[in-house]
Amino acid sequence: MTEGTTSAAAEGADTLTRLEQEGEIAADYLEGLLDIADLDGDIDMDVEADRAAVSIISDAGGRDLQKLVGRDGEVLEALQELTRLAVHRETGDRSRLMLDIGGYRAKKRAELSELGAKAAAEVKSSGEPVKLDPMTPFERKVVHDAVKSAGLRSESEGEEPQRFVVVLPA
């Protein structure tokens with residue numbers, strides 16, 4: 001191995017270690033939250049796309065966990081921000097951690113990928129841009145990725161909370 005390859009490998013290992021540490025801190029924070037709320041759930045940690053990913057899952061069907069998701073994922077978004085703040089407090093670094101509860105984000109990601117692919121197909125057939133409804137940053141990112149994989153480009157327009165995706169012809 002060359003010095004550059006060794007350095008890149010060490011940097012990759014450092015990043016993985018840092019992301020695993022973020023996951024551990026987040027898991028501890030969320031376990032405390034579940035205890036306070038008297039909710040049952042198991043914590044699963046992973047590293048996906050250069051960010052820590054933490055999921056709360058339940059064997060009991062997850063009805064109680066739906067309280068932590070809230071309407072349209074609003075509570076989930078708030079808990080993710082609180083968890084990121086807890087990680088920041090411990091590490092001093094900004095976290096891009098993703099939180100999923102009861103598979104809500106995984107299901108939403110699949111739905112949004114399909115929406116992005118359909119919008120891209122519509123743009124390819126009509127040649128006209130397609131504007132989608134306002135979305136959260138997470139939702140927009142999933143749609144942008146789906147549009148990109150369909151070979152088109154997209155942009156976000158508007159101001160939060162009314163920011164939306166526009167799918168553009170090639």
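Being a predicted model, the structure only gives us computed values, none of them experimental.
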**Trace of the side chain to side chain contact (heavy atoms under 4.5 Å, CB included) decision for M135 with R163** = CA-CA 6 Å; M135 299 178 189; R163 199 155 167 80; over 6 Å; no

What pair of heavy atoms forms the shortest contact from [X] to [Y], and how long is it?
| X | Y | answer |
| --- | --- | --- |
| P134 | P161 | CB-O, 3.9 Å |
| S113 | V142 | OG-CG1, 3.6 Å |
| P129 | V166 | CB-CG1, 4.1 Å |
| G23 | M45 | O-SD, 3.1 Å |
| G116 | A146 | CA-CB, 4.0 Å |

**Fill in**
For E160, the salt bridge (Lys or Arg N to Asp or Glu O under 4.0 Å) test, sequence neighbours excluded, returns R140

**Transitive ILVMFWY cluster of L19, excluding itself - 4.5 Å side-chain cut-off** =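 Members besides L19, by chain and number: L16, V47.
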
**Prompt:** Out of I43, L34, T83, which one pairs with Y29 under the side-chain contact (heavy atoms from CB on, under 4.5 Å) rule?
**Reply:**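 In the set I43, L34, T83, the residue that makes a side-chain contact (heavy atoms from CB on, under 4.5 Å) with Y29 is T83.
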
Would you give the length of the straight line joining atom [atom1] of [X] to atom [atom2] of [Y], rounded to the nearest 0.5 angstrom?
| X | Y | atom1 | atom2 | result |
| --- | --- | --- | --- | --- |
| D46 | D100 | CG | CG | 12.0 Å |
| E139 | E111 | CD | CD | 9.5 Å |
| K108 | F138 | NZ | CZ | 8.5 Å |
| L152 | K148 | CG | NZ | 12.5 Å |
| L30 | L39 | CG | CG | 11.5 Å |
| S154 | L132 | OG | CG | 8.5 Å |

Taking the side chain as every heavy atom from C-beta outward, state whether [X] and [Y] have any atom pair closer than 4.5 Å.
| X | Y | value |
| --- | --- | --- |
| I101 | I56 | yes |
| T91 | I25 | yes |
| D40 | D64 | no |
| M98 | V54 | no |

**Item:** Salt-bridge contact E122-K118 (side-chain N to carboxylate O under 4.0 Å)
**Value:** no

Is there a donor-acceptor pair closer than 3.5 Å between any side-chain N or O of [X] and the backbone N or O of [Y]?
| X | Y | value |
| --- | --- | --- |
| K107 | G102 | no |
| Q162 | E159 | no |
| S126 | E128 | yes |

**Item:** side chain to side chain contact (heavy atoms under 4.5 Å, CB included) between L79 and V69, worked out
**Value:** CA-CA 9 Å; L79 287 174; V69 172; over 6 Å; no

**Step-by-step side chain to side chain contact (heavy atoms under 4.5 Å, CB included) determination, S156 to H144** = CA-CA 9 Å; S156 292; H144 286 306; 2.8 Å; yes

**Message:** For residues 16-26, which residue pairs pass the side chain to side chain donor-acceptor pair (under 3.5 Å) check, not counting sequence neighbours?
**Reply:** R18-E22, E22-S95

**Message:** Could you walk me through whether L99 and L76 satisfy the side chain to side chain contact (heavy atoms under 4.5 Å, CB included) test, starting with their C-alpha distance in whole Å, then the side-chain angles of each, then the deciding distance to 0.1 Å, before giving a yes or no?
**Reply:** CA-CA 8 Å; L99 175 63; L76 171 57; 3.8 Å; yes

**Prompt:** Under 3.5 Å, is there a donor-acceptor pair linking the side chains of Q66 and R71?
**Reply:**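 Their side chains do not contain a donor-acceptor pair, so the 3.5 Å distance test is not met.
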
**Asked** Can you get from Y104 to I57 by hopping between Ile, Leu, Val, Met, Phe, Trp and Tyr side chains that sit under 4.5 Å apart?
**Response** no

**Item:** ILVMFWY cluster, F164 and V143 together (side-chain gap under 4.5 Å)
**Value:** no

**Asked** Crowded around D14 CG? As in, over 12 foreign heavy atoms under 6.0 Å?
**Response**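 Counting other residues, nucleotides and ligands, CG of D14 exceeds 12 neighbours.
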
